[in-house]
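Proteins come first, then strands; the chains are lettered A, B, ... in the order of their sequence lines, and each starts at number 1. From a predicted model like this one, the values you see are computed outputs, not experimental measurements.
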Amino acid sequence: MFGAALRPLLTPSSNLYRTAVRNNLVKPTCLPVAQRFTSVRFASSGPRFSDDHEWITVDENNIGTVGITDYAQKALGDVVYVEVAAPGDTLEQGGFMGSVESVKAASDIYSPVSGTLASVNEALKDQPSLLNKDPMGKGWVCKIQLSDPAQVETLMDDAGYKAFCESDPGKDE
Amino acid sequence: MLSRSLRRAAIFPAEITPRNALRQATRLISRRGIASTAARWQDLRKTPLYEFHVSQSAKMVPFAGFSMPLSYGDIGQVAAHNHVRTAAGIFDVSHMLQHRFTGDSAEAFLMSLCPTSLDALPPFTSSLSVLLNEQGGIIDDMMVTKQSSSEAYYVVTNAGRIKEDKELIREKLRDWNESHQSEPVRWETLDGWGLLALQGPKSAEVLQALIKDVDLTSLKFGKSVFAPVGHDKVKCHIARGGYTGEDGFEISIPPQHTVALTKEIASNPDVMMIGLGARDSLRLEAGMCLYGHDLNEAISPVEAGLTWTIGKERRSEEASPFPGKSRILSEIANGPSRRRVGLQVEGPPAREGSKIFDSTGTQEIGIVTSGIPSPTTGTNIAMGYVASGHHKKGTEVQVEVRKKLRPAFIRPMPFVPPKYYK
C-alpha cells in the first residue's frame, strides 16, 4: 500500500462496470464454477504477503481473504475510515483495491492478486479501528475470488516478509 | 481514474509512511518553496534540541528545511494530541525564526510591512500579523510582540519562509534606514536560540513550578514577560498563547540553556514531548492557518479571515500606508471574492487539494487546504477557500474525495472551543 511508483489502476471499463453495479444496472456475477476448481491450491501454506504490505490467505475454493499487515497498521496509526471496491469488481494484482484513512494519511490498498472482489468486511464500516486492533483477524478487508491462483506463489511467505520489513529503507523515517 | 498524486498531495509530513518517506519529504519541502537541495538529509538544519529528540526516540522527518520530530517512540498521533488537550505538551519550535527589532523607529518600520496597529499595543503584548506583498498577498504570518516600548519588538516568523522573509526585511530595512538616518532600526535574528511551546491545561502549573519571581496568574493570553526560569534561573521571554487553542506559553531560551531547560520542563510527569503530527491536528482543530497550505502569497488577510489583524485605525485612505492597502481596503468594503471557511465532511476525511462543489455537485466553488479526522470531535474537519456566497455557516456543499462527491457543510472555526487564559 505504500508503493511509490504508479501502478496500473483499474481500467475505465471496469470503472463503468462498478458504476453500473452501484446503480443496480448490472448484477455482479460469480466466476464460472469451472474456473474455481481447476486452479492450484494454497490452502495450507499460511498467509502470504505483498511488498505493499497486504496479506492474503487462500481457501480450498481459491477465495482469498485480504487485509493489511500489522507493520502497515502501525505505520498508518489510528485508522478512521476504510473504503473498498465494490463486490463484483475486477481486481488486478498490484492494482488499486481501496483506501485506508488514518489521522496521519490516506493510503491506497493494492490487491495482492488478480480476481473478482467477492465481499467486503462490513464490520469495518462502524469499527475501522479493527484494522489496528486485529489486522490479520477481525480487521480483514475483503475476500477475492482468485482468477490466477498461481500468483500467490509470487508473494512472500512469513519469513520472507519479516526480512522485507526489516530491510525496508523507510523503516526508521 | 484516481489521481493518486492529488490524494497524496494531502496532508502534512504526518502523511509520511515507511517506503515513501524521503520522496514525500522532498515533495513537501519543495512545495514550501525551500530550495530543493535542502531536501537531502545531510543538508537539513537541526534545532538546538536535535540530539535531545533523538534521545527521546523521536521519528525525525524533514520539515521546512529542518530535521524535526514527527512523533516520539510508540506514542501515536492521537495519544499525543489528547495529551495536549488534557495535560501538557512541549513542542520544539526552534526552527522558527526569532527576530529582534530595536531603535527609535522600530515600530514605524514594522508597521510599514504589516497592517496591524502595533502603535496601539500596550508594552509586553503580542498580536498575530502578516507580512504583505505589494498586491496585499501574505508573504508570511507572524507573531509580533511589543516588549518594553515601541523601540523593542520581538517577532517570530515561519521556518518555511526564512529566505523570503529575510530578503524582504533586508531590502525594506535598507531603504528605511536610508531615509531614517537619525533613528535607524537595528535588526537581529536570534540564531541558535531555543523556542519551546508549552501547551495544554496544565501548562501554567508546570511552568509556575519553575518560576519563583513572576506570578503567572497575572500573565493573560497575549501578554509576555521576561522571567528567570528553572534551576539556573535562565532569563527567558515568555509569551502566553500558542497554536493549539489551549492555554500555554512560548518560551524563548538563550542558546546555551535550551537543552537543559527543555529537559527540566519535560521531566514533569504531566508533560509529554509532542511532534509535528499532533501539532498539525491540534492547530487545525483550533482553526489556525499553516503557511504554504492555508496561506500563500496570492491570498489576502481579508480572504483568509484575518481581517482582525488589520488595525481599525489603518483602514482609511489617510492612515499610514501598508503594502497592498488598496486591494485590502477594497476587499473590506466590498467583500472578498473567496473566503477561508471551516468544513465538516461525511465519510472519508477530505485532505488538502480536495475540490469543493456546491450542494448540487455541479459547480466547483473552492478547494480544501487542510483536512483531518479530528481526534477531539470525532468528525472529519477541514479548512479551505470557497467563493463568497457559499461561506455562511451551515451552507451545504459537496467535497470530492477519490473522484466521489461527499456531503459536507460549512462549520464555524475554531472546531474545538479555545481555552485561552483571559
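Under a cut-off of 6.0 angstrom, the local environment of CD in B:E364 is crowded, with over 12 non-hydrogen atoms contributed by other residues, nucleotides or ligands.
The residue among B:P375, B:G347, B:G76 with the most heavy atom pairs within less than 4.5 Å of chain A is B:G347.
Using a 4.5 Å heavy-atom threshold, the side chains of B:R402 and A:S99 count as touching.
Atom CG in B:L70 sits 6.0 Å away from atom NZ in A:K104 (nearest 0.5 Å).
Between B:I372 and A:V103, the closest heavy-atom pair is CG2-O, 4.0 Å. Taking each heavy atom of A:S102 and B:P373 in turn, the nearest pair found is O-CG, 3.8 Å. Closest approach of B:P348 and A:E101 over heavy atoms only: CB-OE2, 3.8 Å.
A salt bridge does not link B:K403 to A:E83: none of the charged side-chain nitrogens sits closer than 4.0 Å to a carboxylate oxygen.
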